Amino acid sequence: MVTRRAFLATLTGGLLAAPLAAEGQPAGKVYRIGFLSSTGCPIRPEIMGPFRQGLLELGYVEGQNITIECRGAPGATDQLPGFAAELVLLNVDVLVGVGTASAQAAKHATKTIPIVMVSVGDPVGSGLVTDLARPGGNVTGLSALAPGMVPKALEFLKEAAPSVSRVAVWIDLTNPGQTLADQQLDAAAKSLGVRAERIDVRTAANLDAAFAAALRQRAEALFVHPLPIALRDVQRIAQFAIGNRLPTMALFPQFVREGMLMSYGPNFAEGYRRAGTYIDTILKGTSPGDLPVEQPTKFELVINLKTAKALVLRYPGSVLQRGDQVIE
């Protein structure tokens, strides 16, 4: 992978500063953090690495003054309420909910334990908070959606494959966190002269039907919202797209690492790292309802060059040059 961003200096600085920060934590106190995610346990390195680093920078060391209890299974959103209930019974100090479904399950499980959400599309529309500036209740954290992000993603797809006029939009219609993003996509599609047709994908069991629907629609590209599926299922979508010469645009960079063409969205690693700041502030006594929800301000374009070659795409130079990460 070729990346135009270097994190080594930040990482080294955080590691050197951690022992000093740790001195500020109450002696002998061990906090328990519940981690709820539909991506499953153990937590994937691209999530857990930045999450641990963010806590470390603030003096929290796993096995010393914090423990992390993970619950979840890949794509098993129907099991999230039960997993959330297990974490509540463990009397964790803070619950971390990754994605809209996990955050909602956490909120339904407890009204008293503080909840930090990460990678949630529309916190207000999902009913997680009443207002981004003053969330109220016991939930706060980070949104993964900002105005203009989804339209820009579709623009990149259109720029990379100018002849595309029909796009199959893969979406979990049961996820209220995707409604606002999909509305933004619909508006952008009309302005770009693209016909966008929805395909409902709620579990991996829907993939074969989704493949058939995309072919039936004579789709020329795929736009893939975050889906409650395992990485092996993402690989299946990527293989289907390559086999049928369909450029793909996702909002998660991990989807591109698994073979999709492009992604455009926030720096998710930074979001998981920032979750540590919320946890620290809450453990020091601040109510989550008083902590504003953060929206992303920096975005990354990730391109899989190997997939581009397989699709026989010739990128306009401007698209390739703007890629923050190019996977070869």
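Everything numeric in this text was worked out from a predicted model, so none of it was measured. Each residue takes its place number in the sequence, starting with 1.
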Intermediate values then yes/no, side chain to side chain contact (heavy atoms under 4.5 Å, CB included), Leu132 and Gln295: CA-CA 9 Å; Leu132 295 180; Gln295 288 183 295; 3.8 Å; yes

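- The stretch residues 124-143 participates, sequence neighbours left out, in these side-chain hydrogen bond (donor to acceptor under 3.5 Å, both in side chains) pairs: Arg134-Asp290.
- The two residues Ala161 and Leu313 have their closest heavy-atom pair at CB-CD2, 4.4 Å.
- Thr100 meets the side-chain hydrogen bond (donor to acceptor under 3.5 Å, both in side chains) test with no other residue; sequence neighbours excluded.
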Stepwise, does the side chain to side chain contact (heavy atoms under 4.5 Å, CB included) test hold for Glu270 with Arg273? CA-CA 5 Å; Glu270 176 63 14; Arg273 189 189 69 81; 2.7 Å; yes

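- Across Leu311 and Pro247, no two heavy atoms sit closer than the pair CD1-CA, 3.8 Å.
- When the side-chain hydrogen bond (donor to acceptor under 3.5 Å, both in side chains) test is applied to Arg52, the partners found at least two apart in sequence or on another chain are Glu62.
- Every residue meeting the salt bridge (charged side-chain N to carboxylate O under 4.0 Å, His left out) condition with Lys152, not counting sequence neighbours, appears here in chain and number order: Glu155.
- Asp78 is linked by a salt bridge (charged side-chain N to carboxylate O under 4.0 Å, His left out) to nothing, counting only residues two or more places apart in sequence or in another chain.
- Considering Phe255, Phe223, Phe211 in turn, Phe211 is the only one that fulfils the ring-ring contact (aromatic ring centres under 6.0 Å, His included) rule with Trp170.
- Using a 4.5 Å heavy-atom cutoff, the side chains of Leu80 and Ser38 are in contact.
- For Arg232, there are no salt bridge (charged side-chain N to carboxylate O under 4.0 Å, His left out) partners, not counting sequence neighbours.
- Contact check for Gln178 versus Pro226: side-chain heavy atoms found under the 4.5 Å cut-off.
- Among residues two or more places apart in sequence or in another chain, the side-chain contact (heavy atoms from CB on, under 4.5 Å) test is passed with Pro253 by Arg257, Ser263, Phe268, Val302.
- The shortest side-chain heavy-atom distance between Pro288 and Tyr278 does not fall under the 4.5 Å cut-off.
- For the pair Ala219 and Leu246, the tightest heavy-atom approach, listed with the atom from each and the gap, is O-CD2, 3.1 Å.
- Take Arg216 and apply the side-chain hydrogen bond (donor to acceptor under 3.5 Å, both in side chains) test, not counting sequence neighbours, and it matches no residue.
- Contacts of Val88 classified as side-chain contact (heavy atoms from CB on, under 4.5 Å), with partners at least two apart in sequence or in another chain: Leu95, Ala109, Thr110, Ile113.
- Closest non-hydrogen pair, Thr67 versus Val30, comes out as CG2-CG1, 4.0 Å.
- Under the 3.5 Å distance criterion, the side-chain polar atoms of Asn65 are left unmatched by any main-chain donor or acceptor of Lys29.
- No side-chain heavy atom of Val201 sits less than 4.5 Å from a side-chain heavy atom of Ile171.
- Residues Leu90 and Arg71 meet the side-chain proximity criterion, which asks for heavy atoms closer than 4.5 Å.
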Decide yes or no on side chain to side chain contact (heavy atoms under 4.5 Å, CB included) for Phe35 and Val92, but give the supporting numbers first. CA-CA 10 Å; Phe35 204 98; Val92 295; over 6 Å; no

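- Thr174 pairs by the side-chain hydrogen bond (donor to acceptor under 3.5 Å, both in side chains) definition with Asp172, not counting sequence neighbours.
- Leu157 is listed as a side-chain neighbour of Met262, based on a closest heavy-atom distance under 4.5 Å.
- In this structure, Ile303 and Val256 have side chains that are not in contact, with every pair of non-hydrogen atoms separated by 4.5 Å or more.
- Cluster partners of Leu89: none. The rule joins Ile, Leu, Val, Met, Phe, Trp and Tyr whenever side-chain heavy atoms lie under 4.5 Å apart, and it links nothing here.
- In this structure, the side-chain contact (heavy atoms from CB on, under 4.5 Å) partners of Leu283, at least two apart in sequence or on a different chain, are Tyr31, Tyr60, Asp93, Val94, Ile279.
- When every heavy atom of Leu145 is checked against every heavy atom of Pro296, the shortest pair comes out as O-CD, 3.7 Å.
- For Gln239 and Gln235, the side-chain atoms include no donor-acceptor pair closer than 3.5 Å.
- A pairwise comparison of heavy atoms in Leu87 and Gly34 identifies CD2-CA, 4.0 Å as the closest pair.
- The number of heavy-atom neighbours closer than 6.0 Å to CZ of Arg195, taken from other residues, nucleotides and ligands shown, is 12 or below.
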